[in-house]
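In what follows, chains carry the letters A, B, and so on, assigned in the order in which the sequence lines appear, proteins first and then strands, with residues in each chain numbered from 1. In this text, all values refer to a predicted model and were calculated from it rather than measured experimentally.
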Number of protein chains: 2
Amino acid sequence: MATPSISHRLAEAAVALFDENGYDETTVDDIAARAGVSRSTFFRYYRSKDDAVFPDHDTLLAAVDARLRASTAGTAIAAVTDAVRIVLTHYVEDADVSLRRYRLVGRVPALRAREIASVARYQRLFREFIGTWMAGTPDADLRAELMSASVVAAHNQVLRGWLRAGGAHDPFGPLDHALRYVIATFQYAEQPKDQIVVAAFPSSASPQAVMEAVRLHLTGGERR
Amino acid sequence: MATPSISHRLAEAAVALFDENGYDETTVDDIAARAGVSRSTFFRYYRSKDDAVFPDHDTLLAAVDARLRASTAGTAIAAVTDAVRIVLTHYVEDADVSLRRYRLVGRVPALRAREIASVARYQRLFREFIGTWMAGTPDADLRAELMSASVVAAHNQVLRGWLRAGGAHDPFGPLDHALRYVIATFQYAEQPKDQIVVAAFPSSASPQAVMEAVRLHLTGGERR
DNA sequence: CGTTCTGATGAAACTCGGTATCATCTTAGG
DNA sequence: CCTAAGATGATACCGAGTTTCATCAGAACG
């Protein structure tokens, strides 16, 4: 704690200066000076000025990718849910940093563009995963595109709500709710819409027998 | 035709040079020189270097906004469909420009980021429209977010497919298909998923009476 | 016809982000 | 003690974008 890493000092200096004087008004020299290093060193730790605001997106992206790749057939839903939770957890863990960044990004168009671009990278991971998961079913590409867009949108909606509320309430309840909604929506869509299902039972069948048949049908395909 | 506008000359010079020598390797001076004007003039017509590649996003955005605002209650679905079609039409109309830009954007990360950011602006329009449309229903914000993301994703999926195919086939069929899918998906979702509906008829009911009851139920709420 | 005003263009200087290069310093290891 | 390697600083450079001023063409007006 005596001497925090240069990377940390730079990031803190950057955010502090952006807060105080605005993003465009802050030069890389200013940041480096406050962190007590040279301009050269700044660019050794961050590729660009805005990188100092979004430090660990690559790590996070890798974690999401890893979680998705760790999924085996039949556990796709859990993989998606877990992966999204990983991202949200990351934000919640340093709530104060997330909040400062949120306020900052809201004011600086350049940073907003940067953030939107990084969101697209997450969506790409989900799209590829869901795409291979759905491969073979009708409209697989389209549905993968839509579902991945929805998954990411759901996460962002919950995250923004949490950030707007100042990080007060627990966001994982809403996240689960939103994800359940997404999954239910796109799962239902897996069966063609205009198919008509007629269930017929012999009028002699006992209620128990009917119930058992229904239960078997409902639990047949899915493990849980 | 004798003297095309400076704006046109600049855009053509830019795209041509980007194609020939690459984006980073082309300076604004090069573009201006080929267009026969000065560097100053370039920046009078385009705010930035990449602006020359995305000239009319603002106009298009305004057209989408206008179409959405022109909608009255009950015609929301048509408004969304029309608005998306406006965008796709714009791309299809100058197919060659769209194709060159597509290839260019695919190779240059800076341009890709720029494009992704502009997509977010479209989504925002749709989100706000769908949000007010759904206002009052449960989970309106979440569903507006998801549906707008899906609408935009559907458009982009169709557009990319059309571009990858070199602008060969007609894309409006696939677009309608995709949009119908989106609308059906999120319309169904309006009724809660886990509600269990049990229909019961007296065993004495004639088939005709049952059919009539079903027909009334199906056509009751919707005009068509 | 000449003057004047306006709008468009060009020229030049400047800031700053980002890259490349070289010198200097520190420090581990022999 | 010496050396090699890695981290840092200093400097120069390129190019995007902004600002300011000069110039020039043409329209309006007397």
For this session: State plainly whether the residues B:Arg107 and B:Asp19 are in salt-bridge range, i.e. N to O under 4.0 Å.
Result: yes
For this session: Tell me which nucleotide among D:dT18, D:dG9, C:dG17 gets nearest to the side chain of B:Phe43.
Result: D:dT18
Problem set entry | Spacing of B:Phe42 atom CZ relative to D:dT19 atom P, expressed in whole Å | 17 Å
Problem set entry | d(CZ, A:Phe18; P, C:dC16) in whole Å | 13 Å
Exercise. Quick one: do B:Arg101 and B:Glu115 make a salt bridge, cutoff under 4.0 Å?
Worked result: no
Exercise. Starting at the 5' end of DNA chain C, which residue's closest nucleotide do you reach first, A:Arg44 or A:Lys49?
Worked result: A:Lys49
For this session: Using a strict 4.0 Å threshold on nitrogen-to-oxygen distance, state whether A:Arg124 and A:Asp65 make a salt bridge.
Result: no
Exercise. What integer distance in Å separates B:Tyr23:OH from C:dG18:C1'?
Worked result: 14 Å
Seminar exercise, completed: Rounded to whole Å, the CG-P distance (B:Asp29 to C:dA12) equals 12 Å
For this session: Look at the side chain of B:Tyr91 and the backbone N and O of B:Leu99, then say whether any donor-acceptor pair between them is shorter than 3.5 Å.
Result: no
For this session: Answer yes if the side chains of A:Ser48 and A:Asp50 hold a donor-acceptor pair under 3.5 Å, and no otherwise.
Result: yes
Problem set entry | Interatomic distance, B:Arg47 CZ vs D:dA16 P [rounded to whole Å] | 18 Å
Exercise. Which is true for B:Ile31 with a 4.0 Å heavy-atom rule: it touches a base, it touches only sugar-phosphate, or it touches nothing?
Worked result: nothing
For this session: For B:Tyr46, report the nucleic acid contact type (base, sugar-phosphate, nothing); a contact means any heavy atom under 4.0 Å.
Result: nothing
For this session: Between D:dA10, C:dT9, C:dG17, spot the one nearest the side chain of A:Ser38, thanks.
Result: D:dA10
Exercise. Roughly how many Å is it from CZ in B:Arg39 to P in C:dA13, rounded to a whole number?
Worked result: 13 Å
Exercise. What pair of heavy atoms forms the shortest contact from B:Leu61 to B:Leu125, and how long is it?
Worked result: O-CD1, 3.6 Å
Exercise. Hey, what bend do you get for the helix from C:dC1-D:dG30 to C:dG30-D:dC1 if you fit axes on five pairs at each end, rounded to 10°?
Worked result: 10°
Problem set entry | Separation of D:dG6 P from A:Ile6 CD1 (nearest whole Å) | 17 Å
Exercise. Would you call A:Arg47 and A:Asp58 a salt bridge, using N to O less than 4.0 angstrom?
Worked result: yes
Exercise. Is B:Ser40 side chain donor-acceptor paired with the C:dA11 base, going by distance under 3.5 Å alone?
Worked result: yes
Exercise. How would you label the contact of B:Tyr45 with the nucleic acid (heavy atoms, under 4.0 Å): base, sugar-phosphate, or nothing?
Worked result: sugar-phosphate
Exercise. Among the nucleotides D:dG9, C:dG18, C:dA11, which one has an atom lying closest to any side-chain atom of A:Thr41?
Worked result: D:dG9
Exercise. Expressed in angstrom and rounded to an integer, what is the separation of B:Asp51 atom CG from D:dA16 atom P?
Worked result: 14 Å
